[in-house]
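By convention here, the first residue in the shown sequence is residue 1. Since the model is a prediction, treat every value here as computed from it, not as a measurement.
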Amino acid sequence: MPHLSTSLLESLSDQVAVPTYDRSAITPGIVHFGVGGFHRAHQARYLDELMNAGKALDFGIVGMGVMPSDAHMRDALASQDYLYTLVEKAPDGGQSARVIGSIIDYVFAPDDPRAAVARLVDPAIRLVSLTVTEGGYDLEANPYVASDIEALREERWENLRTFFGLITAALIARRRSEQRPFTVMSCDNIQGNGDMAREMFLRFAADISPDLAAWIGEHVPFPNSMVDRITPETTEADREEVASRYSYTDAWPVVCEDFTQWVLEDSFVDGRPAYEEAGVQVVEDVVPFELMKLRLLNASHQGLCYFGYLAGHRLVHDVVHDERFARFLLAYMEQEATPSLRPLPGVDLDAYRHRLIDRFGNAAVKDTVARLCAESSDRIPKWLLPVIRENIAAGRPVALSAAIVASWARYAEGVDEQGQPITVVDRLAEPLGEHASRNREDSLAFLRYREVFGDLIEESAFTEPYVAALNSLHERGALATVEGLIS
């Protein structure tokens with residue numbers, strides 16, 4: 001069976017859409033850190049759409065990896081001329097496939113950090129984008145940040161190990177040569193992702209030189225964005241389906257839902273692709289859209305995953321196909337999340353909420369409950385705890401949100417309702433597990449981990465429904481607890 005490549009494109013079946021543009025005419029304009037499934041299903045897909053319209057050919061994407069695991073992505077993409085298959089699956093079972101051609105190169109920075117910096121310094125690069133996950137912005141958690149700061153002070157660029165170091169080195173070089181800087185565009189699933197990136201880069205730069213930090217703060221834009229597309233990790237079954245359905249092999253295809261959204265703040269220093277012509281909402285203020293997505297979609301993911309896992313479900317659509325869970329999620333969204341949002345003129349929130357339930361129920365995507373349960377200590381504090389705090393301050397109910405936190409506490413105990421061990425994937429799994437292990441003897445034990453929960457333990461409006469839900473989970477189980485919450 002042939003392998004995906006440029007030479008194969010002309011002979012592909014009519015079932016697969018292929019680039020209509022001349023890829024040899026593309027020149028680099030974007031360097032992207034974090035070339036995973038989401039980037040390839042989202043930002044690279046929007047750019048591919050523009051290129052199919054004969055536009056943005058000077059904004060080809062150069063992937064850049066810094067983690068050892070990134071070498072696998074480099075090798076997979078390089079083996080097929082940086083092409084890959086994007087399969088979009090609808091809730092009704094329909095699907096479409098297209099070959100994406102907007103990525104044109106991949107640099108594995110550990111091979112030659114100086115060469116990686118030189119690529120970033122190239123004047124053709126006008127955007128540096130990021131999908132490095134929530135934890136990627138935590139300077140304290142990265143063991144190589146301190147050594148990168150020292151390397152930049154001593155100008156030992158060959159020793160750089162982090163995207164902070166590589167990007168900052170390139171900005172230093174551009175400043176020295178009086179070259180225009182690039183825009184740093186975070187596309188991570190974080191409220192105020194651009195603001196977060198700006199804060200972390202300025203903190204990083206300030207440890208090298210306060211003058212450098214001031215220059216970056218004045219000259220480098222960090223636009224905020226809201227990104228949305230459910231994109232599970234690629235499985236071997238996905239590879240096999242592409243091969244059997246389309247008669248070629250793809251080392252790393254991407255499978256995602258058919259829905260996509262991108263809201264982007266229009267703040268750039270040296271031009272940008274005409275994203276709005278590919279369906280991106282380019283706006284002055286992203287915040288209302290961010291809150292809508294994070295507090296409705298993302299927090300609802302947390303609302304279904306722990307309860308669903310404890311109840312024995314392993315695929316997301318199986319959870320939502322139980323009407324009790326669907327009613328619980330809609331109740332949370334309507335009664336607690338929506339009142340915490342900002343005005344969104346022209347947006348039908350009721351339709352949006354029900355569309356989310358349809359999206360969660362998309363059986364074709366085969367999204368896993370375990371994926372949603374991972375890295376909870378990064379997600380819950382950003383997506384759900386702000387809803388709780390704002391509602392408490394406004395005197396609004398928080399019982400359903402409190403129950404979601406209680407379901408996390410029960411999940412973090414590390415044993416499901418059938419007595420089987422749970423593999424908790426979280427950078428704070430050990431301390432959270434220690435606190436959760438005392439849940440039955442001290443119903444507030446989990447909340448005593450103030451690094452995550454702050455002073456919420458002092459809010460009786462929250463702790464009372466939290467304790468009630470946790471006790472119900474222990475005594476009656478997840479399904480009965482959900483039934484009680486919606487009755």
Using a strict cut-off of less than 4.0 Å between a Lys/Arg side-chain nitrogen and an Asp/Glu carboxylate oxygen, indicate whether [X] and [Y] qualify as a salt bridge.
{"X": "Glu88", "Y": "Arg45", "value": "yes"}
{"X": "Lys89", "Y": "Glu241", "value": "yes"}
{"X": "Glu290", "Y": "Arg342", "value": "no"}
{"X": "Arg327", "Y": "Asp322", "value": "no"}
{"X": "Asp367", "Y": "Arg371", "value": "yes"}
{"X": "Arg355", "Y": "Asp358", "value": "no"}

If we count only N and O atoms by modelled type, under 3.5 Å, do the side chains of [X] and [Y] hold a donor and an acceptor together?
{"X": "Asn142", "Y": "Thr162", "value": "no"}
{"X": "Glu413", "Y": "Asn439", "value": "yes"}
{"X": "Tyr137", "Y": "Ser186", "value": "yes"}
{"X": "Arg295", "Y": "Ser340", "value": "yes"}
{"X": "Asn189", "Y": "Lys382", "value": "no"}

Ring centers of [X], [Y] separated by less than 6.0 Å:
{"X": "Trp262", "Y": "Tyr275", "result": "yes"}
{"X": "His435", "Y": "Phe446", "result": "no"}
{"X": "Phe307", "Y": "Phe328", "result": "yes"}

Side chain to side chain contact (heavy atoms under 4.5 Å, CB included) evaluation trace for Asp138 with Arg427: CA-CA 12 Å; Asp138 189 342; Arg427 64 187 179 87; 4.0 Å; yes
Can you tell me if [X] uses its side chain to pair, donor with acceptor, with the backbone of [Y] under 3.5 Å?
{"X": "Ser407", "Y": "Tyr306", "answer": "no"}
{"X": "Asn224", "Y": "Val286", "answer": "no"}
{"X": "Arg153", "Y": "Asp207", "answer": "yes"}
{"X": "Gln191", "Y": "Leu294", "answer": "no"}
{"X": "Asp188", "Y": "Ile190", "answer": "no"}
{"X": "Asp70", "Y": "Val66", "answer": "yes"}
{"X": "Arg198", "Y": "Gly217", "answer": "yes"}
{"X": "Asn193", "Y": "Ser225", "answer": "yes"}
{"X": "Arg448", "Y": "Ile457", "answer": "no"}
{"X": "Arg229", "Y": "Ala41", "answer": "yes"}

Enclosure of [X] [atom1] (heavy-atom neighbours >12, cutoff 6.0 Å):
{"X": "Arg161", "atom1": "CZ", "result": "no"}
{"X": "Glu284", "atom1": "CD", "result": "no"}
{"X": "Glu458", "atom1": "CD", "result": "yes"}
{"X": "Met67", "atom1": "CE", "result": "no"}
{"X": "Tyr352", "atom1": "OH", "result": "yes"}
{"X": "Glu158", "atom1": "CD", "result": "yes"}
{"X": "Glu323", "atom1": "CD", "result": "no"}

Testing Tyr309, Phe453, Trp383 for ring pair (Phe, Tyr, Trp, His ring centres under 6.0 Å) with Trp408, which one passes?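 So the option named by the test is Phe453.
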Run the side chain to side chain contact (heavy atoms under 4.5 Å, CB included) check on Arg40 and Tyr84 step by step: do they pass? CA-CA 9 Å; Arg40 294 187 295 141; Tyr84 62 92; 3.2 Å; yes
Does the pair Leu291 and Leu296 meet the rule for a side chain to side chain contact (heavy atoms under 4.5 Å, CB included), with working shown? CA-CA 8 Å; Leu291 294 178; Leu296 295 178; over 6 Å; no
Hey, what do you get for [atom1] ([X]) to [atom2] ([Y]), rounding to the nearest 0.5 Å?
{"X": "Phe163", "Y": "Thr168", "atom1": "CZ", "atom2": "OG1", "result": "9.5 Å"}
{"X": "Met185", "Y": "Thr131", "atom1": "CE", "atom2": "OG1", "result": "10.0 Å"}
{"X": "Leu166", "Y": "Asp148", "atom1": "CG", "atom2": "CG", "result": "7.0 Å"}

If I compare all heavy atoms of [X] with all of [Y], which pair ends up nearest, and what's the gap?
{"X": "Ala251", "Y": "Ala76", "result": "CB-CB, 3.9 Å"}
{"X": "Leu470", "Y": "Ser443", "result": "CD2-O, 3.6 Å"}
{"X": "Leu310", "Y": "Ile422", "result": "CD2-CD1, 4.3 Å"}

